[in-house]
Amino acid sequence: MNKDKIWLSSPHMGGSEQKFVNEAFEQNWIAPLGPNVNGFEEDIKKYLNSSPLGGGQEGAEGASVAALSSGTAALHLALVMLGVKAGDEVLCQSMTFAASANPIAYLGATPIFIDSEEETLNLCPRHLKRAIEDRVSKGKKPKAIIAVHLYGMPYKVDEINAVAAQFDIPVIEDAAEALGSTYKGQKCGTFSDYAILSFNGNKIITTSGGGALVTKNKATKDKAVFLATQARDAAPHYQHSEIGYNYRLSNISAGIGRGQMEVIDKRVSARREMHDFYVDLFSEIEGVMVHTAPNTDYFSNHWLSVVTLNKKKTAGIGREDLRLHLEALNIESRPLWKPMHLQPVFENAPFYGDLVAENLFENGLCLPSGSNLGPEEKDRIKAGILSCFKQQK
Ligand SMILES: *Cc1c(COP(=O)(O)O)cnc(C)c1O
């Protein structure tokens, strides 16, 4: 990688990753199973269950974790386990990465996209309810709701869960960007029967590529692992009664994950410091809002720091102006996710909402947020941003 470039979010090793990878080589566990896979699952499980509420209701077992080859695979399996089939409808947050919605299409089901609300940028409970009522009145009750903790900010968990409970529709929690975030003190990834995590190269921790399905108990985890390893029945020969997948995480990748789990708390702190850095920086600049938790119920890992520009107050400087200005300085920034209902591939999918996600896409920018950005990089980012806005006033 070009040393000079400041990336939006790049891998940040903690130091022990190679030790775990070497162990895999020494023990010849070069396979999609082995001690690192089991150890990584235990690490995540402990971490998720460490929040005061222990990942769920009193007396509950707490979260169980199946390590998989990607977050996308985890979402696919969650939908399979909820019985989603061709012709079904699944509700999904429109403002998200395409990976949240693609697995709906893998199953031949139809995504129904829902707008965001402005406080968390996530699924709007009001439009969600309206969409469910409308789909039910048309004769089809949606099979599941995919809600996303975008950029690490928890969605309105209580409100979304209340709507879901009212209509008895399961929620799949897309926590791909939110490992380390909490809502009312409880870790994201523990609010639903099925939640997914991602360890892609750009996420808060990485296994180079990987993901996990988080379930409420060991039995559902075992079922997920069964499906993820080609659904082999218990027989000496190869016997199959269900369609299976090849979705397990490699023991090499899991070794990287074990090293990363040793430093997860440090990574969360560093990302939150980047967010503080931007809050401080933009307090001097008119017309730019740093996306921040609505109140203390929401604790974001601030995987990415997000700003929105109000051109009327920035003397006409828009998100593309800022993005291109930074790009010329070799500093990467990116527009927010383009909403799914505006994507050519989903142009026929129904959408319930207004212009919240669309406006966020028009005016929002993700800024460099890596936990590995030091004082020198911060100085360059600060100078770059200030020089973009210097003609203001
Ligand atoms: C990264 C991401 C995924 C997919 O995870 P992969 O591990 O890349 O397959 C899903 N949803 C969201 C919101 C993501 O950011």
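Just so it is clear, the model here is predicted, and its values are computed rather than measured. Order of appearance sets the numbers: ligands from 1, and atoms from 1 within every ligand. Heavy atoms only: backbone and side chains are in, while hydrogens, waters and symmetry mates are out.
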Tell me, please, which residues at least two apart from L324 pass side-chain contact (heavy atoms from CB on, under 4.5 Å). E320, E327
Pairs of nitrogen or oxygen atoms closer than 3.5 Å, one from T96 and one from ligand 1: do any exist? no
Can we say D276 and R272 salt-bridge, meaning some charged N sits less than 4.0 Å from an Asp/Glu carboxylate O? no
Tell me if a side-chain donor or acceptor on S269 pairs with a main-chain N or O of D265 at a distance below 3.5 Å. yes
What protein heavy atom lies closest to atom 15 (O) of ligand 1? Include the residue and the distance to one decimal. E177 OE2, 2.5 Å
For the salt bridge (charged side-chain N to carboxylate O under 4.0 Å, His left out) test, which of R258, K221, K218 pairs with E41? K221
List the closest protein heavy-atom neighbour of atom 4 (C) of ligand 1: residue, atom name, distance to the nearest 0.1 Å. A99 CB, 3.5 Å
For atom 5 (O) of ligand 1, which protein heavy atom lies nearest, and how many Å away is it? S198 OG, 3.2 Å
Out of G71, A98, A73, who gets a non-hydrogen atom closest to atom 6 (P) of ligand 1? G71
Atom 11 (N) of ligand 1: the protein heavy-atom neighbour that sits closest, reported with distance to 0.1 Å: D174 OD2, 2.8 Å
Test the R232-Y238 pair against the cation-pi criterion, namely NZ or CZ under 6.0 angstrom from the six-membered ring centroid and within 45° of the ring axis. yes
Is it the case that one hydrophobic cluster holds both I160 and I112, taking links as side-chain heavy atoms less than 4.5 Å apart, direct or via other members? yes
Do E133 and K129 meet the salt-bridge criterion of a basic N to acidic O distance under 4.0 Å? yes
With a heavy-atom distance limit of 4.0 Å, tell me whether T72 approaches ligand 1 through its side chain, its backbone, both, or neither. both
Just which atoms of ligand 1 are under 4.0 Å from any heavy atom in V148? 13 (C)
Do me a favour and list the nearest non-hydrogen protein atom to atom 1 (C) of ligand 1 with residue, atom name and distance? K203 NZ, 1.5 Å
Checking K141, K143, K140 against D88 for side-chain hydrogen bond (donor to acceptor under 3.5 Å, both in side chains), the one that qualifies is K143
Does the residue G211 have a heavy-atom contact with ligand 1, meaning some pair of atoms that are separated by less than 4.0 Å? no
Atom 8 (O) of ligand 1 [closest protein heavy-atom partner, distance rounded to 0.1 Å]: N200 ND2, 3.0 Å
Quick one: does G210 get a heavy atom under 4.0 Å from ligand 1? yes
Quick one: are the ring centres of Y155 and Y298 less than 6.0 Å apart? no
Quick one: does ligand 1 sit under 4.0 Å from the side chain of A176, the backbone, both or neither, non-hydrogen atoms only? side chain
